[in-house]
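Here is the structure we will look at.
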Amino acid sequence: MGSGDLEFRHVAETFAALERVSSRTQMAVVLAKLFKRTPPQVIDKVVYLLQGRLLPDWKGAPELGVGEKLLVKAIAQAYRVSESRVEKMFKALGDLGSVAEKLAEESKSKMSRGAGLLAFMGSQQAGLTVSRVYNDLLRVAYAQGEGSRDIKLKIVAGLLVDATPLEAKYIVRFIEGRLRLGVGDATILDALALAFGGGSHSRPVIERAYNLRADLGYIARLVAEKGVDSVKGIKPEVGVPVRPMLAERGKDPAEVLRKVGGTALAEYKYDGERAQIHKAGDKIIIYSRRLENITHMYPDVVEMARKGIKAERAIVEGEIVAIDPDTGELRPFQVLMHRKRKHDIIKVMKEVPVAVYLFDAIYVDGEDLTQKPLPERRKILESIIEESDNWKIAKYIITSDAEQLWKFFLEAIEEGAEGIMIKALHRESYYTAGVRGWLWVKLKRDYKSEMTDTVDLVVVGAFYGKGKRGGKLSSLLMAAYDPDRDIFVTVCKVATGFTDEELDKMNEMLKRYIIPRRHPRVESKLEPDVWVEPALVAEVLGAELTLSPMHTCCMGAIRPGVGISIRFPRFIRWRDDKRPEDATTTKELIEMYKRQLRRLEEAPVET
Ligand code: ATP
C-alpha cells in the first residue's frame with residue numbers, strides 16, 4: 001500500500017463502531033477519528049463510501065447493477081460453497097452481509113488448518129485498501145452490456161476473497177445498498193469540522209462551501225488537503241449544483257411583509273418542478289431540487305436556455321411548469337408528472353409542453369451572485385434573460401401593501417399557481433444556498449377542496465388560441481347570473497375540455513352572437529378578444545371555487561374587492577335546454593363557496 005492510501009479495515013471498523021453508537025455527536029467523534037487517519041488523497045472516496053454511493057448523485061454514476069442473485073453467486077464462489085447454502089444462510093440470518101462475514105470466518109479457519117495456507121496468507125496480508133475497494137466497485141458499476149455480468153461477478157468475488165470477515169460484511173451491504181449507518185450529510189460536516197477545523201466553530205464555513213458546491217467528497221478533500229481557510233473563498237461553479245435556497249411558510253400577508261422587512265418582491269409560486277439551469281457556452285445542464293441531473297427529460301428547456309440566456313456561463317433558477325398548448329395557461333403539477341413517467345421524451349414533449357419561469361441568478365460570467373442582495377441579482381437576471389413565449393421571468397409585483405399582496409395571491413391561485421413567494425429586498429437579502437429561512441416566505445393555501453358539482457355558465461366573451469389553435473376562438477369567458485341585478489358576472493375562463501371538433505362547432509356557433517362591445521348586461525374586469533351576447537349556456541366542472549380579484553361574480557360578498565371564481569375549469573357539454581337566466585346564480589355560488597369553507601376549519605387568510 002502506498003502512503004497515500006488507507007487500509008480498508010479502518011473503514012470497516014468505523015462502520016461497525018457507528019452501528020454501536022446512537023447519538024449524532026458520538027457519530028461525529030467516531031468519524032472525525034477516521035478522517036484524521038485518512039490520507040487526504042483518498043478522503044473523498046471514504047466520504048462517498050460512508051454515504052453509500054460512489055459519486056454524488058448529480059454526477060450520474062451508473063448503478064452497481066449487482067442484484068441479489070448475482071451477489072449470492074459471488075459469495076458462493078468466493079468461499080467455495082454452494083449457492084443453495086448461501087441462500088439457506090440468507091434465510092436464517094436475513095442479511096447477506098452477515099452471511100459473507102460468517103463464511104469468510106469459516107473459510108479463514110479452514111485455510112489456516114489446511115494446505116494452501118501460505119498462498120491464502122499472502123493475499124490476506126496484502127489487505128484491502130480504500131482505493132482498491134472503491135476502484136473495483138466503480139469498475140463493477142461501469143461494466144455494462146454483453147458479458148458485464150461475468151465481469152461484475154469476478155470483481156465482487158475477487159474483493160470478497162481478499163477481504164477480512166468484517167470487510168466482507170460491509171462490502172456486501174454496500175453493494176446491496178443496505179449500509180444504513182445513519183450518517184447524514186450534517187454528521188459528516190460535523191466530523192470534518194472536528195477533524196480539520198479545530199471544532200464546531202468552523203462548521204459554518206465548511207457547510208457554506210458544501211451548499212455552494214454540492215459534493216461532500218470534494219469539500220472533504222479540499223479541507224483535508226488545504227485546511228478550512230481554503231474553502232472560505234469557494235464559489236459556485238458551472239456544472240456543479242448549488243444546494244437550493246428554501247422558503248419558510250407564512251400565513252398572513254401583513255405578518256409576512258413585516259417579517260421580510262416591509263417591502264417585498266412577490267412572485268407567483270408556480271406548481272411544477274424546480275430547475276437549476278447551468279450554461280457553459282452551448283452546453284446546458286438542468287438539476288432538480290434534489291440536485292439530480294434531469295437534463296434528458298427536458299430537451300425543450302435545454303433549447304430555450306441555449307437561446308434565452310445571454311451569458312457565456314451562468315447558473316439561473318426557475319420553475320418548469322406544464323402549460324396548455326392552446327392557451328399557454330398553467331396546468332397543475334400532476335400534468336407535469338405525466339411527462340416524467342413516460343419514456344418517449346420527444347413524443348411526450350409535444351403532449352405535455354412546458355414553460356419556464358425564472359426567478360433567480362446564482363452565477364454569471366465569473367461572478368458569484370450569492371452574496372448580492374436580491375434586487376441586484378434580479379437586475380442581472382433580467383439583463384441576461386431574453387424572454388420568449390415559454391421562457392419568462394416569473395410574474396411579480398413589488399409591494400409594501402398587505403391588501404395588494406393578498407389580491408396578488410388570489411390572482412396567482414386562480415391562474416393555476418400554488419400561491420406566492422414573498423421575498424425580502426433589503427441589503428442582506430442574499431442567496432442563502434441550502435438554507436430554509438425568512439428571506440423567502442411561501443404563502444400557499446392550507447387546504448384543497450374539491451368541487452364536486454358542475455355549474456352552468458353563460459358565454460359572454462372569447463379569446464383566440466395559440467399554436468395549432470391560433471386564429472380560432474378557443475377559450476371562453478364565462479359568467480354566472482345575478483338575479484337581483486339581472487346581469488351576468490364573470491366567473492372564469494374555460495379553455496380545456498374541447499375536442500378539435502367541438503372547437504370548430506363552437507366557432508360556428510359563436511359567429512351569430514359576437515358583438516362589437518361588451519353587452520350592457522355583462523359586468524367584467526377582463527377584456528376578451530371578442531365580446532359575445534349572453535345566449536349560450538355550458539356545463540362546467542372546476543377543481544374548486546376560489547376568491548378572485550379578477551372576476552366580478554359575487555364581488556364583495558365574501559370580502560371587499562374580491563369575487564368568486566372557478567379554478568381549472570373544464571368544459572363538459574352545451575346546455576341548449578337552458579336560457580342564460582337559467583344559469584347558476586351568484587347566490588348559489590356563494591352557498592357553494594361557504595359550504596366548501598365550512599368543510600375546512602379555517603379561511604385561507606385571516607380577514
Ligand atoms: P413546496 O413543497 O412548497 O414546493 P419545498 O420544500 O420544495 O416546498 P420551498 O422552499 O418551501 O420548497 O418552496 C419553494 C419551492 O417553490 C421551490 O423549491 C420551487 O420549486 C418552487 N417555486 C415556484 N415558484 C417559485 C418562485 N417564484 N420562487 C422560488 N421558488 C419557486
Side-chain angles (χ1 to χ4, degrees), residues 58 185 211 214 241-251 253 256 259-260 264-278 286-294 297-298 301 315-323 329-337 339-340 354-362 369-370 372-375 377-382 385 387 390-399 405 408-425 429-448 604-605:
W58 56 266
D185 293 354
N211 286 336
V242 176
R243 301 187 67 218
M245 174 168 182
L246 297 171
E248 287 288 352
R249 184 187 293 266
K251 255 192 171 259
V256 174
K259 280 233 150 101
V260 299
L265 176 111
E267 287 166 342
Y268 277 17
K269 184 178 192 304
Y270 295 93
D271 196 8
E273 169 156 39
R274 188 173 185 150
Q276 192 177 95
I277 304 172
H278 291 231
I286 308 171
Y287 293 114
S288 70
R289 181 186 182 305
R290 301 177 52 193
L291 309 186
E292 282 159 345
N293 188 330
I294 49 169
M297 274 181 223
Y298 297 108
V301 176
I315 306 176
V316 295
E317 274 193 322
E319 188 88 353
I320 300 177
V321 209
I323 51 159
E329 283 172 15
L330 303 175
R331 309 296 302 133
F333 175 71
Q334 290 75 358
V335 176
L336 187 68
M337 284 303 101
R339 180 172 185 143
K340 301 201 67 151
V354 296
V356 184
Y357 291 93
L358 298 144
F359 53 77
D360 222 316
I362 293 173
L369 306 181
T370 59
K372 292 193 183 297
L374 180 58
R377 300 204 303 279
R378 262 319 256 239
K379 228 160 100 199
I380 296 173
L381 178 72
E382 283 171 21
I385 294 301
E387 291 192 320
N390 295 330
W391 173 261
K392 291 199 155 60
I393 303 278
K395 189 161 176 188
Y396 74 96
I397 56 166
I398 292 177
T399 186
L405 201 61
F408 187 61
F409 169 74
L410 295 176
E411 182 193 310
I413 298 281
E414 189 194 328
E415 288 216 57
E418 225 190 333
I420 53 176
M421 296 291 289
I422 299 154
K423 301 180 176 178
L425 287 170
S429 54
Y430 307 130
Y431 186 94
T432 50
V435 178
R436 189 183 290 282
W438 289 101
L439 291 176
W440 285 8
V441 185
K442 59 181 167 188
L443 203 58
K444 295 205 280 190
R445 279 181 315 167
D446 292 341
Y447 63 88
K448 269 235 158 62
V605 174

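Counting starts at 1 for both ligands and their atoms, following the listed order. Residue numbers start at 1 and run along the sequence shown. The shown structure was predicted, so the numbers you read here are calculated from the model rather than taken from an experiment.
In summary, E418 and K269 engage in a salt bridge, as defined by a charged side-chain N under 4.0 Å from a carboxylate O. Using a 4.0 Å cut-off between charged side-chain N and carboxylate O, K259 and E248 make no salt bridge.
Listed by chain and residue number, nothing satisfies the salt bridge (Lys or Arg N to Asp or Glu O under 4.0 Å) test with E319 (two or more places apart in sequence, or in another chain). Qualifying side-chain hydrogen bond (donor to acceptor under 3.5 Å, both in side chains) partners for E329, counting only residues two or more places apart in sequence or in other chains: none. Take Y357 and apply the ring-ring contact (aromatic ring centres under 6.0 Å, His included) test, not counting sequence neighbours, and it matches Y270.
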Working note: R378 + E267, criterion salt bridge (Lys or Arg N to Asp or Glu O under 4.0 Å); need CA distance, chi angles, decisive distance, verdict. CA-CA 12 Å; R378 262 319 256 239; E267 287 166 342; 2.2 Å; yes
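The protein residues lying under 4.0 angstrom from ligand 1, judged by non-hydrogen atoms, are L246, A247, E267, Y268, K269, Y270, R274, R289, E319, F359, M421, K423, R436, W440, K442, K444.
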